[in-house]
Amino acid sequence: MNKIKKGDIVGRISYGKDIAFVVERIIKTRHCKFAILKGLTMRVQADSDLDDLELMEPSQVSNHIKTLEEKVKRRVQGHVQERKNKSHYLFREKAVIYTGKILHIDGDKKYSEKSNRYYKKIGLNAVVKNIPERRQPFYIANLLQKHKPDILVITGHDGMIKKGSNFNDIYNYRNSRYFIRTVEEARKLQLKKDLVIFAGACQSYYEGLMLAGANFASSPARILIDFIDPLIVAEKIAMASEEKFVTIKDIQAELRNGQRGISGTGGQGKKRILWI
């Protein structure tokens, strides 16, 4: 058996290697060794005995990455084409479009980098910060005061410790308590009354996040969400007219698992058109 080490991409044998994980760290105790895992393309965190882990074949890893990259590429191409279709009309009519400003806080460094590239490619005004989930509540006030966003994304990795039970126990979620505290701190500051907040990751404590003040959150059915799902929510709000109230029904078809993965009460669109 190959020795598992930090940074390896692995699957859990007992789960049929259905999810590709990156080994974040390995913990040794007196009785066993186990690994802390983060999803390669999904926002899930888990742990596993080393004996239950197996290295993913390069072809399997490539397939996981390719599926995600193709989804991102299709969305970017769609936005580029839409801008081309509108640019002639807006130039002729002398109009300038302002989309909502996004502040995106992500606990995963690689996801932060991918998110930043995605926002830039589709032409959105976004600031992306990589902050570990447990530290997010302590940074949010300064970041809000500095950047004054219209849309706030609070995400990273999460997961239930005992899946399928203790749904209302905040300590049964790996990072939900940090997301909840971050939402609470953001609402306490309340620089903008119409600030739209998305919060959560895979299997997050949906009800707790909504009670804290999120407009959209994951995960009502305690299931997986894709890396790109929070970005889609932010994108939809940023690019919707300020006269439109965006509901989850306007977004669900483009999410990995629709309203089972992400739901919410909705939020006001942030796009303004300035006629010169």
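Worth saying up front: this structure is predicted, and the values here are computed from it rather than measured.
Taking 4.5 Å as the limit, some side-chain heavy atom of Ile228 sits within range of a side-chain heavy atom of Val72.
Not one N or O on the side chain of Arg174 forms a donor-acceptor pair closer than 3.5 Å with the backbone of Asp158. Judged purely by atom type and a 3.5 angstrom limit, Tyr111 uses its side chain to pair as donor or acceptor with the backbone of Met42. Judged by distance alone, with hydrogens and angles left aside, the side-chain atoms of Arg260 form no donor-acceptor pair with the main-chain N or O of Ala221 at under 3.5 Å. Side-chain atoms of Asp108 come within 3.5 Å of backbone atoms of Lys110 as a donor-acceptor pair (strictly under, hydrogens ignored). Looking only at distances, a side-chain donor or acceptor of Ser218 sits under 3.5 Å from a matching main-chain atom of Ala201. A donor-acceptor pair under 3.5 Å links the side-chain atoms of Ser219 to the main chain of Ile223, judged by distance alone. Of the possible polar contacts, one joining the Gln268 side chain to the Glu242 backbone as a donor-acceptor pair under 3.5 Å is found. Panel note: side chain Lys148, backbone Gln145; a donor-acceptor pair is recorded below 3.5 Å. Checking side-chain atoms of Asp8 against main-chain N and O of Val10 turns up no donor-acceptor pair under 3.5 Å. The closest donor-acceptor contact from the side chain of Asp250 to the backbone of Thr247 lies under 3.5 Å.
Tested against Asn175 for a side-chain hydrogen bond (donor to acceptor under 3.5 Å, both in side chains), the candidates Arg43, Gln45, His157 yield a single pass: Gln45. Residue Lys270 is tested with Thr99, Ile151, Val246 for a side chain to side chain contact (heavy atoms under 4.5 Å, CB included); the sole match is Ile151. If you run side chain to side chain contact (heavy atoms under 4.5 Å, CB included) between Ile262 and each of Ile232, Asp229, Ile251, only Asp229 comes through.
Of all non-hydrogen atoms in Glu184 and Ala212, the two that sit nearest each other are CG-CB, 3.7 Å. Of all heavy-atom pairs spanning Ala141 and Leu189, the tightest one is O-CD2, 3.7 Å. Nearest heavy atoms, Gly156 versus Phe179: N-CZ, 3.9 Å.
With Tyr178 as the aromatic partner, Arg134 does not meet the cation-pi criteria of under 6.0 angstrom to the ring centre and within 45 degrees of the ring axis.
Salt bridge Lys66/Glu69: absent, no basic N to carboxylate O contact under 4.0 Å. One finds no salt bridge joining Glu113 and Lys129 here, because no Lys/Arg side-chain nitrogen approaches an Asp/Glu carboxylate oxygen to under 4.0 Å. A salt bridge links Arg75 to Glu254: at least one charged side-chain nitrogen sits closer than 4.0 Å to a carboxylate oxygen. Under a 4.0 Å N-O distance rule, the pair Arg256/Asp226 qualifies as a salt bridge.
In this structure, a donor-acceptor pair under 3.5 Å is present between the side chains of Tyr139 and Arg135. Residues Thr265 and Asn215 bring no donor and acceptor atom of their side chains to less than 3.5 Å of each other. With no hydrogens or angles considered, a side-chain donor-acceptor pair links Glu235 and Tyr118 at under 3.5 Å.
Within 6.0 Å of NZ in Lys17 there are more than 12 heavy atoms belonging to other residues, nucleotides or ligands.
Rounding to the nearest 0.5 angstrom, the gap separating the CG atom in Leu68 from the NZ atom in Lys114 is 5.5 Å. In this structure, NE2 in His147 is found 10.5 Å from CG in Asn125, a value given to the nearest 0.5 Å. Atom-to-atom distance recorded for Asp150:CG and Leu191:CG is 11.5 Å, nearest 0.5 angstrom. Interatomic distance, CG of Leu124 versus CD1 of Ile237, reported as 12.0 Å (0.5 Å rounding). A distance of 6.5 Å separates CG of Leu144 from CG of Leu195, quoted to the nearest 0.5 Å. Interatomic distance, Ile197 CD1 to Leu152 CG, rounded to the nearest 0.5 Å: 5.0 Å.
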Full working for salt bridge (charged side-chain N to carboxylate O under 4.0 Å, His left out) between Glu185 and Lys188: CA-CA 5 Å; Glu185 290 298 317; Lys188 191 187 300 182; 3.1 Å; yes

Begin from the C-alpha positions of Lys120 and Arg117 and carry the test side chain to side chain contact (heavy atoms under 4.5 Å, CB included) through to its verdict. CA-CA 5 Å; Lys120 289 185 184 309; Arg117 288 196 296 271; 5.8 Å; no

Phe167 vs Asn172, test: side chain to side chain contact (heavy atoms under 4.5 Å, CB included). Steps then yes/no. CA-CA 7 Å; Phe167 291 102; Asn172 193 34; over 6 Å; no

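Between Tyr173 and Tyr205, the ring planes lie parallel to each other; the angle is under 30°, not in the 30° to 60° tilted range.
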